Amino acid sequence: LLEKNKVDALLFSDIAVKVLVDQLKLSVKTIYAPETLLTNYYDIELLKDNGVSGCVISKDIPYNEMAAIASKVKNYCYLRVFGEVLISYSKRRFVSIYLNKYQQYKDGYYLQEENRDIKMPLVEKESGFWLYGYMLHSLDKIKEIVASDYAGIIFDQVFMDDLYQLEVVKIYHEVINGN
């Protein structure tokens, strides 16, 4: 199925995916993309030593630290440049418990702290609860990012439809090309 659909890489957050790829002897790149775990060079070097093809650096550390990590393992690390930032995940279904009724909650549900103006989107499914914070965007640094030592950039479209996502990619492409 992967070959038929010309899949050449798998982006994953569960290390068991890499184990399965190895067991099944699949010829695809494996790119480890946890939400927050990759914050230092040593963890990334360990992944590389264990045959992982690439990784996504945590978006939760300062950009200068991301660049320093990427410079030590050139063309290995990917960087998220656009998308909703995941703040929290739990296997508990908080909304269902609060409303005393299970269903999927994904459109129009937010948490808002009483002392902040920001509304944080939330998604709840049978498998758990995800809380998102702000929208990450890197237009102001994108030229620097593509000129540096990253293997690539990632656009996260958790709340966007495909047409919106393609429009965002087009805007980034225009900025990269000086428009």
Side-chain angles (χ1 to χ4, degrees), residues 7 9-18 30-40 43-44 47 54-67 69-70 77-146 148 150-176 179:
V7 173
L10 295 175
L11 195 65
F12 65 95
S13 59
D14 184 340
I15 209 72
V17 171
K18 170 66 172 137
T30 51
I31 302 167
Y32 185 50
E35 286 296 330
T36 60
L37 298 176
L38 295 179
T39 59
N40 66 72
D43 290 339
I44 292 168
L47 290 171
C55 67
V56 180
I57 298 175
S58 174
K59 66 207 166 306
D60 299 322
I61 59 176
Y63 178 73
N64 63 334
E65 291 180 30
M66 294 176 192
I69 291 169
C77 299
Y78 293 78
L79 184 64
R80 281 186 175 88
V81 297
F82 184 86
E84 296 282 349
V85 174
L86 181 65
I87 295 208
S88 178
Y89 166 74
S90 174
K91 289 194 173 207
R92 293 187 176 138
R93 297 190 311 251
F94 293 113
V95 179
S96 297
I97 292 168
Y98 180 76
L99 296 177
N100 207 15
K101 177 184 176 190
Y102 171 71
Q103 66 182 49
Q104 285 195 17
Y105 299 95
K106 55 185 176 180
D107 296 321
Y109 286 89
Y110 300 88
L111 282 181
Q112 184 173 0
E113 296 173 308
E114 78 180 49
N115 297 329
R116 297 185 189 197
D117 292 333
I118 186 173
K119 287 184 176 182
M120 298 179 286
L122 63 89
V123 172
E124 184 175 286
K125 298 180 181 177
E126 186 175 346
S127 57
F129 171 89
W130 294 261
L131 177 65
Y132 294 87
Y134 62 93
M135 174 66 77
L136 172 69
H137 55 84
S138 316
L139 280 172
D140 58 335
K141 284 214 174 272
I142 195 63
K143 285 185 176 184
E144 180 182 337
I145 290 168
V146 297
S148 60
Y150 297 102
I153 57 176
I154 295 177
F155 296 84
D156 193 345
Q157 69 173 47
V158 68
F159 291 116
M160 297 174 272
D161 63 33
D162 291 340
L163 293 177
Y164 183 84
Q165 181 71 13
L166 290 171
E167 210 44 48
V168 168
V169 171
K170 181 180 171 188
I171 290 167
Y172 271 80
H173 189 262
E174 288 178 5
V175 171
I176 291 166
N179 299 330

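Remember, it's a predicted structure, so these values are computed and weren't measured experimentally.
Residues I69 and L38 form no side-chain contact, since every pair of their non-hydrogen atoms from C-beta on lies 4.5 Å or further apart. Between V56 and I31 the shortest side-chain heavy-atom distance falls below 4.5 Å. Looking only at side-chain heavy atoms (C-beta outward), Y110 and M120 stay at 4.5 Å or farther from each other.
Scanning both residues, S13 and A33, for their nearest heavy atoms gives CB-O, 3.5 Å. F12 and L10 make their closest contact through CD2-O, 3.6 Å (heavy atoms, listed as atom of the first residue, atom of the second, distance). Closest approach of L79 to M66, counting heavy atoms only: CD1-SD, 3.2 Å. Considering all non-hydrogen atoms of both residues, S127 and Y89 come closest at O-OH, 3.0 Å. Nearest approach of Q112 to D117, heavy atoms of both residues: NE2-O, 3.3 Å.
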Using residues 95-102 as the side-chain source, report each donor-acceptor pair under 3.5 Å to any protein atom, sequence neighbours left out, with the distance given to one decimal.
residue	atom	partner	partner atom	Å
S96	OG	E124	OE2	2.3
K101	NZ	Q103	OE1	3.4
Y102	OH	E126	N	3.0

Residues 163-172 side chain polar contacts: donor-acceptor under 3.5 Å, at least two apart:
residue	atom	partner	partner atom	Å
Y172	OH	V81	O	3.1
Y172	OH	S138	N	2.8

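Rounding to the nearest 0.5 Å places CD1 of I57 at 13.5 Å from CG of L37. Rounded to the nearest 0.5 angstrom, I118 CD1 and L111 CG are separated by 11.5 Å. Between atom CG of residue L47 and atom SG of residue C77 there is a gap of 9.0 Å, rounded to the nearest 0.5 Å. Annotation: the span from L122 atom CG to F129 atom CZ amounts to 4.5 Å, rounded to 0.5 Å. Between the CZ atom in R80 and the CG atom in D60 there is a gap of 9.5 Å [rounded to 0.5 Å].
In this structure, K119 places its NZ atom where only 12 or fewer heavy-atom neighbours from other residues, nucleotides or ligands lie under 6.0 Å away.
In this structure H173 satisfies the side-chain hydrogen bond (donor to acceptor under 3.5 Å, both in side chains) test together with N177, sequence neighbours excluded.
Side-chain atoms of N40 come within 3.5 Å of backbone N or O of D43 as a donor-acceptor pair.
Aromatic rings from Y150 and Y78 are positioned such that their centres are separated by 6.0 Å or more.
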- Stepwise, does the side-chain contact (heavy atoms from CB on, under 4.5 Å) test hold for I142 with I153? CA-CA 9 Å; I142 195 63; I153 57 176; 4.0 Å; yes
- Check the pair E84 / D156 against side-chain contact (heavy atoms from CB on, under 4.5 Å), numbers first and verdict last. CA-CA 7 Å; E84 296 282 349; D156 193 345; 5.9 Å; no
